[in-house]
Trainee: 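Just passing along the structure, written as structure tokens.
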2 protein chains.
Amino acid sequence: MEFFFNPKGIALIGATTKPARGGFSILTNLLKGFAGKIYPVNPRYSSIEGMLCYPSILDVPDPVDLAIVFVPGPLVPNVIQECAMRKIPGVMIESGGFSETGDDGKKLQDMLRRISQETGIRLWGPNCMGLVDAVTRHVFSFVSPTIWDYGLIPGDVSLIVQSGMLSAGFLIDTMTHGTMGISKVCSVGNKVDVEECELIEYLIRDPHTKAIGLYMESIPDGRRFMEICSRSPKPIVALKGGKSRKGAEAAMSHTASLSGNGAVISGAMSQAGIIEATDFKQMMDFCRTLATFPSVPHNLPGRVAVLTYSGGAGIVSADFIENLGLEVADLSFQTRQTLKSVFPEWMPIANPVDLWPAVEKNGGEKAFRTAVEAVCADPGVDAIFLHLFAGGFSLNFDLSPLADLVRLSGKPMVAWLIGERKQARELQIAVQKQGIPVFREIQRSIECLCALLKRTQRETPWNASVESFRHATASVKWKQVLAMSSSTLDEHVSKQILADFGIPTVPEKTVGSVSEAKAAASGFGFPVVMKGIAPGIVHKSEQGLVRVGIHSNEMVENAFSELRAAMPNGGSILVQQQINGSIELIAGFIRDPQFGPCVMLGLGGILAEALKDTAFAVAPISRKDAFHLMDQIRAQNILNGFRGSIPVNRDALSDILIYLGEIGFACPQIQEIDINPLIVCNGDPVAVDASIQLMTKEK
Amino acid sequence: MEFFFNPKGIALIGATTKPARGGFSILTNLLKGFAGKIYPVNPRYSSIEGMLCYPSILDVPDPVDLAIVFVPGPLVPNVIQECAMRKIPGVMIESGGFSETGDDGKKLQDMLRRISQETGIRLWGPNCMGLVDAVTRHVFSFVSPTIWDYGLIPGDVSLIVQSGMLSAGFLIDTMTHGTMGISKVCSVGNKVDVEECELIEYLIRDPHTKAIGLYMESIPDGRRFMEICSRSPKPIVALKGGKSRKGAEAAMSHTASLSGNGAVISGAMSQAGIIEATDFKQMMDFCRTLATFPSVPHNLPGRVAVLTYSGGAGIVSADFIENLGLEVADLSFQTRQTLKSVFPEWMPIANPVDLWPAVEKNGGEKAFRTAVEAVCADPGVDAIFLHLFAGGFSLNFDLSPLADLVRLSGKPMVAWLIGERKQARELQIAVQKQGIPVFREIQRSIECLCALLKRTQRETPWNASVESFRHATASVKWKQVLAMSSSTLDEHVSKQILADFGIPTVPEKTVGSVSEAKAAASGFGFPVVMKGIAPGIVHKSEQGLVRVGIHSNEMVENAFSELRAAMPNGGSILVQQQINGSIELIAGFIRDPQFGPCVMLGLGGILAEALKDTAFAVAPISRKDAFHLMDQIRAQNILNGFRGSIPVNRDALSDILIYLGEIGFACPQIQEIDINPLIVCNGDPVAVDASIQLMTKEK
């Protein structure tokens, strides 16, 4: 990929002297920052800006290792062919008019893909803004050259953005505000060849990148994406557009992207250690916070000390800290003693630390320095949230000694700032140079601390492939059944398969007569459950085919004849031990179009279903992944033994989740598995009802 | 209150010539904006700024109807006494050193309260920033006079803020950014006399105020607050600090405020039609949006049309619209036809409307005007979300014709803006002058649309008092029992009381012998439930005192003897009809320290408890309030008949909620009522278990 980022010579195909045209902006940007050779190509000119202009790429002398193309769409395939003939390794196609414009454009784009596949030429785009690198000053883009007026501020955050307009707009917004620098912005457009996975790999190696931000509308190869991200030592923040139903429709209309299942995407990202953002500036704020503190230890409790000049702002900060899942730190005795030295006697010492009385007594500088020093030394404090004011109130003082203290302590500190507009902007820029990210809203400050402190980076990378199963022989045993069966397997067969793959299932027996039923019931012990299994009926309860609480032979007899009567087209009858558990879960497997085999866990029962409290992980999953999946359930405390119930045996539950993934790998015929309910009895989960849905066969 | 806002003459007690002192800032601010007479008072000076300075307020000639006090705390009571002697109607005490500084300060503050009560003099503060009115230019505050340099921008939002530092800081922030004007900022500090209720009433009458924003740490008289707010034709936005546990601790430490139960506060606010904010700038953004569109009809579905130049930003907007509870509008056939006229042929027309291809074809002005015109005329569109870019891309055009169109249509439009810093700020100010609120983040834009479109203004005001009950005699019947009883009534007595107040309860009977138990069971029909009721035992299930599914005389016998054995200290045995319902709810009553009698509704069962899915309303509640309370439950769809179950009979449920409130009014001895579970059987809710907790008696 190096020729895309640091080419020796660039041919600009579609160079023009007409301002306000993309070809002119690209040329201007190249001339301002690129130190290598530039070759304008356009048959209409013999020279441009004092440079020789070539009629065709075929006429350009060496060395050219990157061509930037900005000619009308229909001309592009021919141009690419010529580039391939010239053995140019990479082409950045910034023209539009491809798959985003319907069928004709799609055909053009398919031509590009074929050329790339046949000749090996690498294509970036089309329909994109190209590349802006504020560190190397390589601006291979039609983005407005006015960005140079603002210094093209170098920073350590790199972005990959699917949408061209957005990346250009945000770049101008970011540069002109001057409160955040960037390294590379890669606008990849329709991704005919180069896509985010390869770029992420490049940026992971890039020494100028400390954090990576992604805006995506689709994740075509979800498994590769997860493998790469899960290996990244650098934080990756992703904003995935189109996770809601209406958003997905819009994404389909925008770039014909298949958005995918929002819950699966969130699960996959979390599993890969990716931080999810929901809005654009929020993504930038997460990135710059994470880039500022690359070496904050993980798995800290997230105990925050709040240093404020306003009691009210301290209270609202505490509300956000608690509601977003961090902790308001309990200050140590030592810290309290130190703080007492600057406070008036009447002032109770607490966190949030309202420093105003100390500021009135000692001036802002001494009050804040004492407090920062104390919380830096406090072992019960993981991070510091500082409130700043620009423009008076004895709060205008040099923050650099304070920033030095914090840097030495290794603890992250972020700041919230209000105040006089110009002074606030200057203060923000100055403070950020000291390594303290500054925000203008309390919520955003705490969100960024969350992204930093609650980041769950993987200790070991995620592998898409599976080397061995514990229950490999089971797939051989069931191969024929799976090949022969219709679309959904019945409860009994489904559970037999699950049991062979190591999943605990309820003891049960199909019975052909009342006496067999009685024998089965007496074997299991009363009470038992009896069910009618009729072909094609999935919702047995709704069809009156489930009888629970059967506690006598008389009831067995009645149930048997009633179930028979309820299945006029035949069916079999199942006698089951009745499992009375404190907790109902659902667990399952789905084969996702973007991420392949995935496992699912959720709370069971009607309420959980109504609240959609389910979470996903991409198979294969490790024991850690399984535990992480359990942590995603909102009603967490139920798993932990809420109200005196026995906690769920997490090891047993993680086995079930791991095996569900294995079944999906071992049996490619399976589309979906649904264990509902998975009842937890004395801590141990048991599959009580289940169904396996097979792939629809090709006709 | 008029003398606080528009006095004829002001005495400034504590006037000084020393810059950087509050007394100097107040004087400077008065001189800059107040047209009436100003009388500096300070025994150390004979003149200040060319004005005669008086040694004491007693020496000041008339007319003085407001005194502003900025002298050390211990001197304040004497000064107030003198003001009272002079018959000055109002005093604004901006000095600190009162209840916020511990016991001595609290004594000082109590002295002020006494003087006010005895003499009738009205006191504002102490420990506050006073008043800033950008419309009348009355700045009765020590806030930095630099605010005048920025024009003290008049607007139509008024604020009431408990915290002094915060109001001063935010005022400077707001004025210097210039993107929002204000009417009055009232900083009320320790609220020794004047508090938010009276100020809200004043601002409701104030012709310069269109929306009211509140920052509060406590709501001492919750019921009066609700009455006033529920009568307000103007939108009220409130940020209540200290709703989390740690936030409440911080509030207690900051202003010794009792924060109260966060869920009760949220319920009360929602019931009174107040919009809740969680962060400061968000509160300001809600206020300015609501002030811009004072006459948007309520109860619209909230169908939003998104007009964007970036497909990506459109998709993210759609995600927020759906996730925050609004709807992405379905565009009418007519709208689609109109849009087709400006789009290239290949472009599918959908909402969000990605106008970029239309901008390329027709220029920004025509593309946007056509789209705005179309959605303004579309009856399926309730509001418009416009995306703006400042600084190029053919998107710099005059928005005023567009704003005129929108204004005529009566539909609210808000805008999201990114772009070149200076141009973006200018554009924001210009566009807002046209009546279009502008935001810099998509999430905030949609949050503001939500605050506007999902506002549930009351049709009738809420009344704190109750005129008549439907079950007035029941309280007479139970008076003696309630007066005689120990702290918690047992299940059986509790349900008898509930039944007398009209609440449906499960059929049940206390039994003294096995034969009585069998008779009761046969009366109810099997299965029945049997419970042991032992004095002092609240959690019967945990104590093994509940037997369900009793379906034979033999089981009645066993249960009877087992329950007897489980109550070695005696107790009675209850036989109950077993109610099998599809939905378990909890309902109850509590007497809140700030809001008084409140009713509660939540989903029942262990899962709901773990998820804390409960909501509160302040009694008395109307049928509408009861329905509104049901709407607060997160797992809404369960009440509506999820998965084919019968929907809850909302009329029957609202009766129960209304009666729970009535019981609280009729029986002041009751502290708390807990109906758990309230089982919904064929749609009708029945109290299956309940307990009534009485007030702890004074010793």
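Every chain is numbered from 1 and lettered A, B, ... according to where its sequence line falls, protein lines coming before strand lines.
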Trainee: Mind checking whether W346(B) and D103(A) have side chains closer than 4.5 Å, heavy atoms only?
Mentor: no
Trainee: Do D319(B) side-chain atoms and G241(A) backbone N/O form a donor-acceptor pair below 3.5 Å?
Mentor: no
Trainee: What I'd like to find out is whether the side chain of I418(A) reaches to under 4.5 Å of the side chain of F280(B), using heavy atoms alone.
Mentor: no
Trainee: Are the side chains of K246(B) and D330(A) in contact, using a 4.5 Å heavy-atom criterion?
Mentor: yes
Trainee: Which atom names give the shortest non-hydrogen contact between A318(B) and S244(A), and what distance separates them?
Mentor: O-OG, 3.8 Å
Trainee: List for me each residue that meets side-chain hydrogen bond (donor to acceptor under 3.5 Å, both in side chains) alongside Q282(A), sequence neighbours excluded, and say none if there are none.
Mentor: T278(A), E447(A)
Trainee: Who are the side-chain hydrogen bond (donor to acceptor under 3.5 Å, both in side chains) partners of E441(A), not counting sequence neighbours?
Mentor: R444(B)
Trainee: Which atoms of Y150(B) come close to chain A, meaning under 4.5 Å heavy atom to heavy atom: side chain ones, backbone ones, both, or neither?
Mentor: side chain
Trainee: Taking the side chain as every heavy atom from C-beta outward, state whether M347(B) and T101(A) have any atom pair closer than 4.5 Å.
Mentor: no
Trainee: Could you check which of M175(A), K281(A), H177(A) has the highest count of heavy-atom pairs closer than 4.5 Å to chain B?
Mentor: H177(A)
Trainee: Which pair of heavy atoms, one from V316(A) and one from L239(B), lies closest together, and at what distance?
Mentor: CG2-CD2, 4.3 Å
Trainee: Would you mind checking which part of F320(A) comes under 4.5 Å of any heavy atom in chain B, side chain (CB onward), backbone (N, CA, C, O), both or neither?
Mentor: side chain
Trainee: When you look at R440(B) and D173(A), which way does the salt bridge (charged side-chain N to carboxylate O under 4.0 Å, His left out) test go after all the steps?
Mentor: CA-CA 10 Å; R440(B) 308 304 297 270; D173(A) 192 278; 3.4 Å; yes
Trainee: Taking NZ in K361(B) as the centre, count heavy atoms belonging to other residues, nucleotides or ligands within less than 6.0 Å. Is the count above 12?
Mentor: yes
Trainee: Are any non-hydrogen side-chain atoms of T146(A) and E420(B) less than 4.5 angstrom apart?
Mentor: no
Trainee: Under the side chain to side chain contact (heavy atoms under 4.5 Å, CB included) criterion, do R421(A) and R425(B) qualify, and how do the steps go?
Mentor: CA-CA 12 Å; R421(A) 188 169 68 96; R425(B) 184 162 172 272; 3.2 Å; yes
Trainee: So which part of F389(A) gets closer than 4.5 Å to some heavy atom of chain B, the side chain, the backbone, both or neither?
Mentor: side chain
Trainee: Any chance you could measure R245(B), atom CZ, to N323(A), atom CG, to the nearest 0.5 Å?
Mentor: 11.5 Å
Trainee: Using 30° and 60° as the class boundaries, would you call the ring planes of H551(B) and H551(A) parallel, tilted or perpendicular?
Mentor: parallel
